[in-house]
Amino acid sequence: MHVKSIEDILSERVRDAAAGALGMPVDGAVHLEVSNRPDLGDFATSVAFTLAKAARRPPLAVAELIAAALGGAAGDGAMIAGASASAPGFVNVRLSAAELSRSVDGICRAGGRIAQRAPTGDKVVVEHTNINPNKAAHVGHFRNACLGDSVVRILRRLGHTVEVQNYIDDTGVQVADVVVGLRFLEVPPQGDQPFDRYCSDVYVAVQHAYAADPALLARRREVQASVEEGHGPLAAFVHDVAGRIVTANLATMARAGIGYDVLTWESHILGLGFWQTAFERLRDGGALRFETDGPNAGCWVVPFGAGTVELEGKTVSEDKVLVTSQGTITYTAKDIAYQLWKFGLLGRDFSYRLWGAQADGRPLWTTALDDGSPDAPAFAHGDRVVNVIDVRQSYPQQVVYECLRRLGFAAQADRSHHLAYGVVNLSAAAARELGVAVDEGQAVVAMSGRGGIQVFADELLDRLAARLAERTADPDVASAVAVGAARYYMLKCGNTQDIAFDFDDALRTTGETGVYLQYALVRARGILRRLAEAGVSAAPAPPPPVLADADRALVLHMLRWPRALATAGDALTAQPVAKFAFELAAAFSAFYDNTGPIVQETDAGVQAWRAGLVQAFDLLFGDVLDTLGIPALDRI
RNA sequence: GCCCCCGUAGCUCAGUGGACAGAGCAACUGGCUUCGAACCAGUAGGUCGCACGUUCGAGCCGUGCCGGGGGUACCA
């Protein structure tokens, strides 16, 4: 259920008051913000500045007129307790205790989900994770999955139908490299390391082997050729390896509560001839050009950027090659076919079969080359598409969207979103801990799967859980707190911010961390538990005559949830939700510490009100944490 | 060359054109006989890279510089 937010209602009130006081129409929504002068009011608006000119009065005089009109509406049970004007022209509004009480009641009746919106009827396809199936997930992949998963949770709350796709590139060189290593090199496993970690090591070993013996590269071509033919024992082996790695990667993400709706395999896109269909469309639509000379002679290209340019004495082309002079298909080409399919524009479809059940009970499907399952739901046909992909792939992503445009699908191109996120590097300290030589003055070191310079996602979760196990007897609690800490670490920065991964930061359990959020909820649930034991109801109750600042601040913070969620959805980033969650937890912690124990409260009115307040916080904050994928616990 | 991102406290980062620029960490002071101190209350720490411009008002918008990173592959 979606209730109109306090700000929406206040905005209308201010607009009406301004129109009445000034005797002139006020167009559009009046922008309202949470006051950063809580001594003056709960909300503030600068609308007087914009109206001053037309009203032919100074801003402060306009603000005073609006405040007087708003204040006139105050009274018993009214929404607004009072309004004031302050220099140089702000209007400050204070909510009444009765309104705050109604808000607490509303939060409880909504089960905390006051930010949930009615279904919009549109479908958003979100692609994230997308790990090459030849290695264990590292913290860079983990950032991708955390961002994608939280954006999915945000969009679902905003009323969108969301389908999560995890693209598996099982035909690229990376898988081929590991298969070469497994078949032709004897790489000893380290102890009882899991298969995905072993493959990460093999991948590094293969790079060294190529350098020492270039003849080995022929083996890679051999593997790739067999994959392209799609049958034979080598192809079956590749398929088996990729499948085992995907299973391992899914298990890693499942630890953090991250799931999917469907796995889309690159080999299926090729095997079903999706690219051939897309190619013909592009060629016939005039979007492609076959080059007979120049740097791309013999290639099919999509003209892009400045075309052919002279740079530092060399002739280079900004056009994007889709089919090489050898006849092979580039990744971008496959991505064009994939993107067309996501929108239902290809005129082709996969068949599907069930991959398995996931931790949250949702089924996971996979594309299939055979007839698949008759029970499979319909996938793709999205109205919008969000691709969670490293910022370094911005250029090929733009090529993909431009190709849609050139095929006449401008609307779909506009509804294609590259959710670009910054790189996860290692801090100098983290790199040294991994045994990597770091130059003096070098702040960060790039991770490298080929070079074996990386921190694995499982390793991060394991180390966090181990640290937390020192403080709790329950290993399930330790791992749940570890998940919260790891996810918050990945979400608290903006999408475009590069992250310098640092063990000291990532393993912290105090301050602005996931632990802080979980601890606030644990404290609230501790109160509710004690109240229940004492037989005190936690149902919403009327406010006491005098409302403490900590109580007011807590209610007002909770009321900001819908806007925080909407902001996050508009920008396709979980960061505003992460920041909001921390601030709300801080408001609750201050409330907790700066007021007496509710269980021992002697004033029955105060006790009843605060019990209801804690109940509302528990419900609402549980929804906030779930949006971030942070487990809500009763005890830690 | 062209395109994109970043530059805010010692460090890591927030800051939808609005009031005195915030948080965490690190440093320093206090606070557990009370619903769990993984917390709270406080002190200190800033030419918001630089310069012009737009605006009643700029960390935010525009232009030009200076630093750092990335892209501009017949890799992904």
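Below, each value reflects all heavy atoms present in this structure, side chains not excepted, and no hydrogens, waters or symmetry copies. The chains referred to below are lettered A, B, ... by the order of the sequence lines, with proteins before strands, and numbering in each begins at 1.
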For residues 506-514 of chain A, tabulate all N or O donor-acceptor pairs below 3.5 Å that involve a side-chain atom, not counting sequence neighbours.
residue	atom	partner	partner atom	Å
A:Arg508	NH1	A:Asp505	OD1	3.0
A:Glu512	OE2	A:Tyr488	OH	2.9
A:Glu512	OE2	A:Lys579	NZ	2.8
A:Thr513	OG1	A:Val515	N	3.3
A:Thr513	OG1	A:Tyr516	N	3.3

Less than 3.5 Å apart, which donor and acceptor atoms pair up between the side chains of residues 395-403 of chain A and the rest of the protein, not counting sequence neighbours?
residue	atom	partner	partner atom	Å
A:Tyr395	OH	A:Glu318	O	2.4
A:Gln397	OE1	A:Asn387	ND2	3.4
A:Gln397	OE1	A:Tyr401	OH	2.5
A:Gln397	NE2	A:Asp335	OD2	3.1
A:Tyr401	OH	A:Asn387	ND2	3.1
A:Tyr401	OH	A:His418	N	3.4
A:Glu402	OE2	A:Arg406	NE	3.0

Mind listing the N/O atom pairs, protein and nucleotides 16-20 of chain B, below 3.5 Å?
residue	atom	partner	partner atom	Å
B:U16	N3	A:His31	NE2	2.9
B:U16	O4	A:His31	NE2	3.2
B:G18	N7	A:Ser46	OG	3.1
B:A19	OP2	A:Asn36	ND2	2.9
B:A19	N7	A:Asn36	OD1	3.1
B:A19	N6	A:Asn92	OD1	3.0
B:A19	N1	A:Ser86	OG	3.0
B:A19	N1	A:Asn92	OD1	3.4
B:C20	N4	A:Arg37	NE	2.7
B:C20	N4	A:Arg37	NH1	3.3

Output a table of nitrogen or oxygen pairs between the protein and nucleotides 21-31 of chain B separated by less than 3.5 Å.
residue	atom	partner	partner atom	Å
B:G24	O2'	A:Glu512	N	3.3
B:C25	O2'	A:Arg508	NH2	3.0

Taking only N/O atoms, report every protein-nucleotides 74-76 of chain B pair under 3.5 Å with atom names and distance.
residue	atom	partner	partner atom	Å
B:C74	O2	A:Ser325	N	3.2
B:C74	O2	A:Ser325	OG	3.0
B:C74	N3	A:Ser325	OG	2.6
B:C74	N4	A:Ala297	O	3.4
B:A76	OP1	A:Tyr331	N	3.3
B:A76	OP2	A:Tyr331	N	2.9
B:A76	O3'	A:Asp169	OD2	2.8

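With pairs defined as Watson-Crick or G-U wobble and both atom distances under 3.5 Å, the stems of at least three pairs that touch RNA chain B come out as B:1-7 with B:66-72, B:10-13 with B:22-25, B:27-31 with B:39-43, B:49-53 with B:61-65.
Applying the 3.5 Å distance criterion, the base of B:G1 shares a donor-acceptor pair with the side chain of A:Glu318.
RNA chain B lies under 4.0 Å from no heavy atom of any residue of residues 472-479 of chain A. The stretch residues 604-613 of chain A has no heavy atom under 4.0 Å from RNA chain B, so no residue of it qualifies as close.
Backbone-only contact: A:Asp498 has heavy atoms under 4.0 Å from sugar-phosphate atoms and none from a base. Using a 4.0 Å heavy-atom criterion, one finds that A:Leu528 contacts no nucleic acid atom at all. Backbone-only engagement by A:Gly494 is indicated by non-hydrogen atom pairs under 4.0 Å involving sugar-phosphate atoms exclusively.
Between A:Arg471 and A:Lys53, the residue anchored nearer the 5' end of RNA chain B, judged by the nucleotide with its closest heavy atom, is A:Arg471.
In this structure, A:Ser200 has no side chain to side chain donor-acceptor pair (under 3.5 Å) partners at least two apart in sequence or on a different chain. In terms of the side chain to side chain donor-acceptor pair (under 3.5 Å) criterion, A:Gln600 has no residue partners (sequence neighbours excluded). Every residue was checked against the side chain to side chain donor-acceptor pair (under 3.5 Å) condition with A:Arg283, not counting sequence neighbours, and none meets it.
Ring pair A:His141/A:His138 is parallel by interplanar angle, where below 30° counts as parallel and above 60° as perpendicular. A perpendicular orientation is assigned to the rings of A:Phe501 and A:Phe503, their planes being inclined by more than 60° (bins at 30° and 60°).
Within the structure, ring pair (Phe, Tyr, Trp, His ring centres under 6.0 Å) contacts touching residues 40-66 of chain A (residues at least two apart or in different chains) are A:Phe49-A:Phe90.
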